[in-house]
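Comments concern the structure below.
Below, each value reflects all heavy atoms present in this structure, side chains not excepted, and no hydrogens, waters or symmetry copies.
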Amino acid sequence: RHHHERHDGSGYPAGLAGEAIPLAARIMAVADAFDAMTSTRPYARAMSRHDALQDLYRHAGKRYQQEVVEQLTQCLGVYPTGSLVELSTGEVALVMSQNRVRQLRPRVILLTGPDKRIDPGFRRIDLMGQPTTADGRSIHILRALQPGAYGIDPTELFL
């Protein structure tokens, strides 16, 4: 009933704020917003999980309780599992699992070469291991990609 209440009191149906909002409703508000942002809707395309977390952070303390947003990020990681990312090498990868110690360095599976064409080798890389290119440059995540970027749908790759 109260998952549309906002931490700053601007929500509905009762205009509750802060601790007056039941904890379950505060959690559901964050989960519902994350789901809405990362799902394709008739009125909007899905955004990347990373971008959705960034949006939640921008509104933490206003729409959502800061601690609840932080707990969601702890659970999902900075680049949530299933996120498409572009690496510093130009390759596109899919985040497969988190490194809890260094959240910016998850385990990924390479989907493309630098030319953005599918590479069926699907090589796995643990970015925590500080992998490097042949010329010694560090491989890291350059940016998160929107779902469907470069025409890639991981569900079609049977991963």
Side-chain angles (χ1 to χ4, degrees), residues 1-13 15 21 24-100 102-128 139-159:
R1 173 183 165 155
H2 294 293
H3 75 282
H4 285 290
E5 301 288 0
R6 297 295 175 241
H7 194 66
D8 63 4
S10 65
Y12 64 90
I21 303 168
R26 286 180 264 152
I27 294 168
M28 288 305 301
V30 172
D32 182 58
F34 182 81
D35 179 62
M37 289 186 273
T38 58
S39 301
T40 298
R41 304 290 175 117
Y43 53 86
R45 294 182 59 199
M47 69 171 55
S48 75
R49 293 172 174 117
H50 176 78
D51 288 345
L53 287 174
Q54 295 300 309
D55 189 78
L56 289 171
Y57 259 106
R58 276 192 294 280
H59 295 100
K62 300 173 202 105
R63 291 186 191 167
Y64 314 108
Q65 183 181 1
Q66 178 82 34
E67 294 84 358
V68 175
V69 173
E70 289 173 5
Q71 285 300 310
L72 179 68
T73 302
Q74 285 296 315
C75 290
L76 297 179
V78 175
Y79 298 103
T81 301
S83 297
L84 285 177
V85 294
E86 185 171 358
L87 301 179
S88 56
T89 58
E91 297 160 304
V92 174
L94 182 71
V95 176
M96 298 301 287
S97 63
Q98 302 299 313
N99 281 314
R100 294 289 174 208
R102 304 232 7 233
Q103 289 196 356
L104 296 177
R105 295 190 163 276
R107 291 171 196 87
V108 300
I109 187 166
L110 297 178
L111 302 180
T112 76
D115 60 0
K116 308 299 190 270
R117 290 170 38 175
I118 297 294
D119 179 355
F122 299 131
R123 193 167 47 104
R124 294 174 187 266
I125 295 178
D126 185 349
L127 295 175
M128 177 89 161
I139 299 173
H140 58 276
I141 294 176
L142 192 60
R143 65 187 177 115
L145 298 173
Q146 297 299 319
Y150 301 110
I152 299 169
D153 180 357
T155 62
E156 293 177 359
L157 301 175
F158 302 105
L159 297 174

Nearest-0.5 Å distance, [atom1] of residue [X] to [atom2] of residue [Y]:
X	Y	atom1	atom2	answer
R26	H7	CZ	NE2	8.0 Å
M47	L53	CE	CG	10.5 Å
R6	K62	CZ	NZ	13.5 Å
R63	H4	CZ	NE2	12.0 Å
Y64	L72	OH	CG	11.0 Å
D32	M37	CG	CE	9.5 Å

[X] and [Y]: which non-hydrogen atoms are nearest, and at how many Å?
X	Y	result
S48	P147	N-CD, 3.6 Å
T81	S97	OG1-CA, 3.9 Å
V95	P106	CG1-CB, 3.8 Å
D119	G113	CB-N, 4.2 Å
A46	S39	CB-C, 3.6 Å
H3	A29	O-CB, 3.2 Å

**Message:** Can you confirm whether more than 12 heavy atoms, excluding those of R100, are under 6.0 Å from its CZ atom?
**Reply:**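 Enclosed.
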**Prompt:** Heavy-atom count around R41 CZ within 6.0 Å, excluding the residue itself: above 12?
**Reply:**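 Counting neighbours around CZ of R41, more than 12 heavy atoms of other residues, nucleotides or ligands fall under 6.0 Å, so yes.
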**Item:** Set of side-chain hydrogen bond (donor to acceptor under 3.5 Å, both in side chains) partners for T112, sequence neighbours left out
**Value:**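 T112: no side-chain hydrogen bond (donor to acceptor under 3.5 Å, both in side chains) contacts found.
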**Trace of the side chain to side chain contact (heavy atoms under 4.5 Å, CB included) decision for I152 with I118** = CA-CA 8 Å; I152 299 169; I118 297 294; 4.3 Å; yes
**Asked** Which is it for K116 and E86 under the salt bridge (Lys or Arg N to Asp or Glu O under 4.0 Å) test, yes or no, and what are the steps along the way?
**Response** CA-CA 10 Å; K116 308 299 190 270; E86 185 171 358; 3.1 Å; yes
**Item:** Under the salt bridge (charged side-chain N to carboxylate O under 4.0 Å, His left out) test, residues paired with D55 that sit two or more places apart
**Value:**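 Partners of D55 under the salt bridge (charged side-chain N to carboxylate O under 4.0 Å, His left out) test: R58.
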Short side-chain to backbone donor-acceptor contact, [X] and [Y], under 3.5 Å:
X	Y	value
S88	H140	yes
H50	V78	yes
Q146	L84	no

**Asked** Is Y57 close to E70 at the side-chain level, that is, under 4.5 Å between some pair of heavy atoms?
**Response**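 The answer is yes, as the side chains (C-beta and beyond) meet within the 4.5 Å cut-off.
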**Of L142, I125, I139, L110, the residue whose pairing with T89 passes side chain to side chain contact (heavy atoms under 4.5 Å, CB included)** =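 Exactly one candidate clears the test, I139.
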**Message:** Evaluate D51 against R143 for salt bridge (Lys or Arg N to Asp or Glu O under 4.0 Å), listing each step before the verdict.
**Reply:** CA-CA 10 Å; D51 288 345; R143 65 187 177 115; over 6 Å; no
**Message:** Run the side chain to side chain contact (heavy atoms under 4.5 Å, CB included) test on L87 and L127 for me, step by step, so that the C-alpha distance in whole Å, both residues' side-chain angles and the decisive distance to 0.1 Å come before the verdict.
**Reply:** CA-CA 10 Å; L87 301 179; L127 295 175; 4.3 Å; yes
**Request:** Please report the C-alpha distance between Y150 and L145 in whole Å, then the side-chain angles of each, then the deciding distance to 0.1 Å, and finally whether the side chain to side chain contact (heavy atoms under 4.5 Å, CB included) criterion is met.
**Result:** CA-CA 9 Å; Y150 301 110; L145 298 173; 4.0 Å; yes
